2 protein chains.
Amino acid sequence: MPFPVRVGDKWTAKILVCLRDGPRRFSELQVPLARVTPKVLTESLRAMERDGMITRTVYDEMPPRVEYELTPLGHTLFEPLAASCAWNAEHGEAVARAREEHAQRV
Amino acid sequence: MPFPVRVGDKWTAKILVCLRDGPRRFSELQVPLARVTPKVLTESLRAMERDGMITRTVYDEMPPRVEYELTPLGHTLFEPLAASCAWNAEHGEAVARAREEHAQRV
DNA sequence: CTGAATCCAACCCGATACTG
DNA sequence: CAGTATCGGGTTGGATTCAG
């Protein structure tokens with residue numbers, strides 16, 4: 001099942017935001033994404049690379065440096081992402097209320 | 001963690017589409033959503049009801065009849081949903097190509 | 001610094017059978 | 001008709017440890 005692109009998982013959307021303004025190193029991503037383990041971060045990044053959303057560039061230095069950067073295709077994801085954020089901003093409160101009322105009735 | 005609304009799961013978006021043009025019965029949903037088991041369909045519907053996306057109305061008849069209908073809040077989900085569909089229509093092919101090229105390199 | 005390896009818990013989803 | 005009960009597999013994400 002190739003589609004759709006996994007932006008609904010736990011970290012992809014946040015990685016997108018972190019890469020919005022330019023390339024970032026692995027350790028630079030771990031800072032804003034607090035509590036993401038390296039294993040999971042790597043998995044997410046590899047999946048995004050496989051889908052053409054980001055590029056992974058290894059600089060042969062010591063100590064090692066690896067940079068991740070959004071592709072043009074990756075940047076296009078901000079459009080649907082913005083729509084989802086706008087929905088949350090506009091209706092998130094209503095959902096919270098619905099959940100509380102539902103909890104009351106039970 | 002109350003947010004965000006689970007529209008990224010397997011069935012919620014499809015249920016939304018099925019309810020778009022009016023209320024539907026449980027068995028009417030099972031037809032277009034082929035291969036959804038009653039257990040999973042029930043789980044999805046209950047979650048959507050809890051979040052205020054749909055209403056569940058039981059008619060005390062024989063045989064029993066239950067109708068699900070989108071709330072005004074539920075209808076607002078079509079906006080971000082449409083943005084995601086538009087992205088897929090526009091860039092889905094590019095993702096498929098990226099995956100094939102990636103598979104080649106491995 | 002940038003991961004890889006291993007193990008494990010939780011969750012999501014499905015198959016099957018059964019009920020008011 | 002509209003579910004519930006039970007069981008189990010597959011995937012996801014996290015903790016921990018180790019390596020180049």
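This is a predicted model, so every value here is computed, not measured. All chains are named by letter (A, B, ...) in the order of the sequence lines, taking the proteins before the strands, and each is independently numbered beginning at 1.
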Distance below 4.0 Å between B/Arg56 side-chain N/O and D/dG3 OP1 or OP2: yes
Distance, rounded to the nearest Å, where B/Leu33 contributes CG and D/dA2 contributes P: 14 Å
Whole angstrom value for the distance that separates C1' of C/dT2 from CZ of A/Arg24: 18 Å
Base C/dG3 to side chain A/Lys39, donor-acceptor N/O within 3.5 Å cut-off: no
Close side-chain approach of A/Val95 and B/Leu73, heavy atoms under 4.5 Å: yes
Among D/dC1, D/dG13, D/dG20, the nucleotide that comes nearest once only the side chain of A/Val40 is considered: D/dG13
Nucleotide C/dT2, atom C1' - distance to CD of A/Glu49 in whole Å: 14 Å
Sugar-phosphate, base or nothing in reach of A/Val66, heavy atoms under 4.0 Å: sugar-phosphate
Sugar-phosphate only, base, or nothing, as touched by B/Arg65 at under 4.0 Å among non-hydrogen atoms: sugar-phosphate
pair B/Tyr68-B/Cys18: side-chain heavy atoms closer than 4.5 Å: no
Touch class at under 4.0 angstrom, heavy-atom based, for A/Tyr68 against every strand present: sugar-phosphate
Distance test, side-chain N/O of A/Thr42 to OP1/OP2 of C/dG3, below 4.0 Å: no
A/Lys10 NZ - D/dT12 P separation (whole Å): 14 Å
Between D/dT4 (P) and B/Leu45 (CG): distance, integer Å: 10 Å
Earlier contact from the 5' end, DNA chain D, for A/Pro38 and A/Gly8: A/Gly8
Among C/dC13, D/dG13, D/dG3, the one nearest B/Arg46 by side-chain distance: D/dG3
